[in-house]
Chemist: 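Okay, here's the structure, questions in a sec.
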Protein chains: 2
Amino acid sequence: MSVIADALGVSAATVSNALSGKGRVSPELIERVRAKAEELGYVPSVTARALRTGRSGVIGLVLPNISNPLFPQIAQAIENAAADAGYGVLIADSSGDNAKQTLAIQRLIERQVDGIVIVPRLGTRIAELACPVAVIDSPSTPNNTVSADHWQGGQLVAEHLVDLGHRDFVLIGANPLSNVQNDRIGGMKSRIPKDGRVDVIWIERNEMVLGAGCPLGLKEKVENGFTAFAASSDLHALRALTELQRAGIRVPNEASVVGFDDLVWSSVVSPSITTVRQDAVAIADIAIGALLATIEREPSPEASNIAVAQCNRVPMALVPRQTTARLATADASASDNSSFANSSSSPPERNAP
Amino acid sequence: MSVIADALGVSAATVSNALSGKGRVSPELIERVRAKAEELGYVPSVTARALRTGRSGVIGLVLPNISNPLFPQIAQAIENAAADAGYGVLIADSSGDNAKQTLAIQRLIERQVDGIVIVPRLGTRIAELACPVAVIDSPSTPNNTVSADHWQGGQLVAEHLVDLGHRDFVLIGANPLSNVQNDRIGGMKSRIPKDGRVDVIWIERNEMVLGAGCPLGLKEKVENGFTAFAASSDLHALRALTELQRAGIRVPNEASVVGFDDLVWSSVVSPSITTVRQDAVAIADIAIGALLATIEREPSPEASNIAVAQCNRVPMALVPRQTTARLATADASASDNSSFANSSSSPPERNAP
DNA sequence: AGGATCTGATTAATCGTTTAATCATGCATA
DNA sequence: TATGCATGATTAAACGATTAATCAGATCCT
């Protein structure tokens with residue numbers, strides 16, 4: 001900055017004004033300053049600017065357990081959206097206990113981030129913080145800024161399976177404390193016809209008893225006539241798929257499987273997994289937009305620090321792949337009309353292997 | 001800072017000295033300053049300090065395609081190691097083309113990071129940069145600071161399978177341009193006995209012809225007598241596992257499968273995948289340690305900006321799970337002695353399904 | 001007692017911007 | 001001609017820490 005000023009024989013303030021477009025500088029001088037800056041490869045000191053303006057140009061990203069396989073999608077989308085707006089992204093890991101989430105937030109604030117994007121841990125509520133916050137969780141979460149419409153995603157899954165003639169559902173979740181999973185499971189349930197059967201498996205409960213990685217007993221479910229296995233995550237869908245395959249049950253011929261989130265492996269396994277994808281880019285754009293609006297607004301005592309967006313739920317999209325197929329019934333024509341098919345709760349016939 | 005100084009009737013400089021332990025301050029005053037700082041909830045301005053000292057206290061993390069499933073492990077470990085050393089971590093996404101990697105690095109430097117940890121993209125070489133850099137790739141990469149010993153990991157895989165009696169190997173990689181994958185595959189090959197058979201599948205080549213997600217033809221391999229499928233990543237191991245399962249081949253009874261990296265799903269699929277794990281924590285600690293050493297060393301014209309560590313390869317560890325099992329042969333006792341078993345290259349007998 | 005030394009604290013400059021206040025100049029208007 | 005106003009640039013004070021240089025006293029030594 002001062003090097004440009006010296007080289008041009010003007011004051012540093014003028015250079016600052018020229019570069020920022022503020023103040024009054026003649027168009028001709030502005031051009032000369034620009035040229036000189038370019039020539040000297042000048043890059044402004046973000047620290048000096050931050051000190052003077054009180055804006056660091058950095059936002060924090062707090063994620064529940066970074067090793068969540070969904071993390072990459074979110075992180076990448078947030079990073080891109082932030083970069084487009086000229087912000088950097090500082091990551092903080094809130095894995096471990098819930099106290100660590102508070103600690104992570106604390107550290108970010110000490111680093112003087114301008115705002116924080118947070119995907120909260122199970123069962124934590126984000127209270128007013130010392131800086132603007134955008135929360136990405138679930139529409140049913142209080143203070144949620146924006147998120148995928150998990151409930152609608154669940155409906156998509158159920159509708160898809162119902163359309164294929166399924167009536168007997170096993171829904172697989174990990175932890176009922178998660179708003180996201182609850183919404184997904186709830187959405188599914190809401191679209192399962194009255195004449196259908198529903199069974200819900202919460203994996204973490206099972207594992208408390210049977211140990212991590214325990215079988216979910218899906219073979220028995222199939223033998224009991226269940227044909228549709230819908231999980232709240234591709235991780236669990238994959239678990240279901242392999243458990244079924246291993247038990248000699250053919251997917252999708254004898255059972256259909258659906259997951260959520262379109263995680264990396266879902267498209268490369270065999271058969272590839274039908275899933276529901278969230279538009280991470282749109283969510284990130286909205287979250288960052290709302291966060292920046294909150295940051296740029298003059299801080300007033302009565303205004304909340306929690307960013308709110310016009311649109312707070314982004315629709316999810318079904319990605320049909322190979323793990324779902326039309327249910328083969330004794331009377332194939334019946335499956336077209338869901339309200340009449342299988343009025344009894346007896347299991348439909350399955351194809352023999 | 002000045003609020004403490006005013007409250008105590010001393011100068012700001014004294015407060016600074018008291019808090020940092022530099023200069024000469026009486027022990028008694030130091031204690032009073034500490035107490036007052038605590039009482040007022042004082043947090044130092046990192047920007048002001050950064051401006052004065054020229055150190056931002058932030059390092060950048062550049063990852064090839066954030067959505068790489070290995071990313072979470074690395075990111076989390078780096079973040080922890082950095083946080084322990086009092087540094088923040090700024091993420092940058094270098095997905096897309098290679099030019100974006102350069103751009104990402106550029107942006108980090110503009111943000112005045114003190115150093116950069118970079119996991120390079122395929123086929124890029126990290127040259128001298130304007131700030132200290134630690135490179136995490138593979139021991140066979142020039143300028144590599146530290147990484148897992150992928151070659152040794154490959155040996156672990158091969159030894160494990162050979163111990164189980166296998167002689168006919170299909171090695172599965174994605175892209176031969178990757179040093180990491182090349183090392184892993186190379187290490188495997190180096191431990192396959194002379195009387196063994198080896199076939200290598202490079203997935204990306206196959207997909208160029210057959211399209212993404214195409215079958216790898218593993219059933220035919222099994223019919224040809226191959227019994228061991230070792231992939232350079234759990235992602236590909238999973239692909240192999242499901243393809244085999246789908247073809248009605250039982251794992252591990254008829255074929256063994258091994259992967260790399262112990263990705264999240266590997267332990268929950270059925271059967272759970274035998275894999276080789278890298279010690280991301282140790283690698284991150286070493287990388288951060290070497291990076292900070294380079295940062296703290298006075299910059300001299302002749303010294304390189306690329307961090308070097310005492311130990312630059314961290315051993316990998318085999319995680320035996322359910323996808324690998326002893327090969328059932330006609331003469332079971334022979335499989336104990338690898339140098340004698342199957343001296344001909346004819347395929348061993350397999351169990352009928 | 002007088003000079004050297006040590007201790008504990010203060011002063012003031014500095015990092016590189018931003019920005020309100022000020023100033024100099026030219027030009028139009030009364 | 002004096003006044004007012006617009007324009008284009010400069011001055012100088014911040015922002016909040018760090019740190020070299022300085023200073024005032026107390027202590028010590030001969």
Side-chain angles (χ1 to χ4, degrees), chain A residues 1-34 36-37 40-58 86-88 109-114 130-131 295-296 298-299, chain B residues 1-34 36-37 40-58 86-88 109-114 130-131 295-296 298-299:
Chain A
M1 175 121 273
S2 55
V3 296
I4 301 181
D6 291 352
L8 256 39
V10 299
S11 75
T14 302
V15 174
S16 173
N17 282 331
L19 257 21
S20 67
K22 299 180 178 176
R24 286 192 296 240
V25 188
S26 66
E28 175 256 355
L29 219 197
I30 289 185
E31 209 28 67
R32 283 206 296 144
V33 170
R34 285 242 173 81
K36 204 67 182 179
L40 299 178
Y42 164 77
V43 293
S45 159
V46 299
T47 26
R49 176 178 298 153
L51 177 57
R52 173 63 223 235
T53 63
R55 293 269 171 78
S56 61
V58 172
Y87 280 77
I109 292 179
E110 283 174 8
R111 287 206 173 273
Q112 295 165 213
V113 296
D114 294 336
C131 79
I295 291 172
E296 261 133 43
E298 280 312 301
Chain B
M1 175 119 274
S2 55
V3 296
I4 301 181
D6 291 352
L8 255 38
V10 299
S11 76
T14 302
V15 174
S16 173
N17 282 331
L19 258 21
S20 67
K22 300 182 177 177
R24 288 190 295 240
V25 189
S26 67
E28 175 257 356
L29 218 197
I30 287 185
E31 209 27 68
R32 284 205 296 145
V33 170
R34 285 242 174 82
K36 204 66 181 181
L40 299 177
Y42 165 78
V43 294
S45 160
V46 299
T47 26
R49 176 178 298 151
L51 178 57
R52 175 60 226 238
T53 63
R55 292 271 170 77
S56 61
V58 172
Y87 281 77
I109 292 180
E110 282 173 9
R111 288 206 173 274
Q112 294 165 216
V113 295
D114 294 336
C131 78
I295 291 172
E296 261 132 43
E298 281 312 303

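Everything numeric here is computed off the predicted structure, so don't read it as measured data.
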Chemist: So B:Val46, base contact, sugar-phosphate only, or nothing? Heavy-atom distance under 4.0 Å.
Modeler: nothing
Chemist: Closer than 4.0 Å, any side-chain N/O of A:Ser26 to the OP1 or OP2 of D:dA9?
Modeler: yes
Chemist: Give me the one residue out of B:Val3, B:Val10, B:Val15, B:Ile4 that meets side-chain contact (heavy atoms from CB on, under 4.5 Å) with B:Lys36.
Modeler: B:Ile4
Chemist: What is the distance from CG of B:Leu29 to P of C:dT7, rounded to the nearest Å?
Modeler: 16 Å
Chemist: Provide the closest heavy-atom pair for B:Ser56 versus B:Ala50 in the form atom of the first, atom of the second, distance.
Modeler: CA-CB, 3.9 Å
Chemist: State, to 0.1 Å, how close B:Tyr87 and B:Val58 come at their nearest heavy-atom pair, and which atoms those are.
Modeler: CD2-N, 3.8 Å
Chemist: Could you tell me which non-hydrogen atom of B:Asp114 sits nearest to which non-hydrogen atom of B:Gly57, and how far apart they are?
Modeler: OD2-N, 2.7 Å
Chemist: How many whole angstroms separate atom CD1 of A:Ile4 from atom C1' of C:dG16?
Modeler: 12 Å
Chemist: List for me each residue that meets salt bridge (Lys or Arg N to Asp or Glu O under 4.0 Å) alongside A:Arg55, sequence neighbours excluded, and say none if there are none.
Modeler: none
Chemist: Could you say whether A:Val43 or B:Val15 is positioned toward the 5' end of DNA chain C, judged by the nucleotide with the nearest heavy atom to each?
Modeler: B:Val15
Chemist: Give me, pair by pair, the N or O atoms of the protein and of nucleotides 18-24 of chain C that are less than 3.5 Å apart, along with how far apart they are.
Modeler:
unit_1 : atom_1 : unit_2  : atom_2 : d
C:dT18 : OP1    : A:Arg49 : NE     : 2.8
C:dT18 : OP1    : A:Arg49 : NH2    : 3.3
C:dT18 : OP2    : A:Ser16 : OG     : 2.8
C:dT18 : O2     : A:Arg52 : NH1    : 2.2
C:dT19 : OP2    : A:Lys22 : NZ     : 3.2

Chemist: Listed by chain and number, what are the side-chain hydrogen bond (donor to acceptor under 3.5 Å, both in side chains) partners of B:Thr47, not counting sequence neighbours?
Modeler: A:Gln112, B:Ser45
Chemist: Whole angstroms only, please: what is the CD-P distance between B:Glu28 and C:dG8?
Modeler: 11 Å
Chemist: Starting at the 5' end of DNA chain D, which residue's closest nucleotide do you reach first, A:Ser11 or A:Leu51?
Modeler: A:Ser11
Chemist: Expressed in angstrom and rounded to an integer, what is the separation of A:Arg55 atom CZ from C:dT17 atom P?
Modeler: 19 Å
Chemist: Whole Å only: how far is the CG atom of B:Asp6 from the P atom of C:dT10?
Modeler: 11 Å
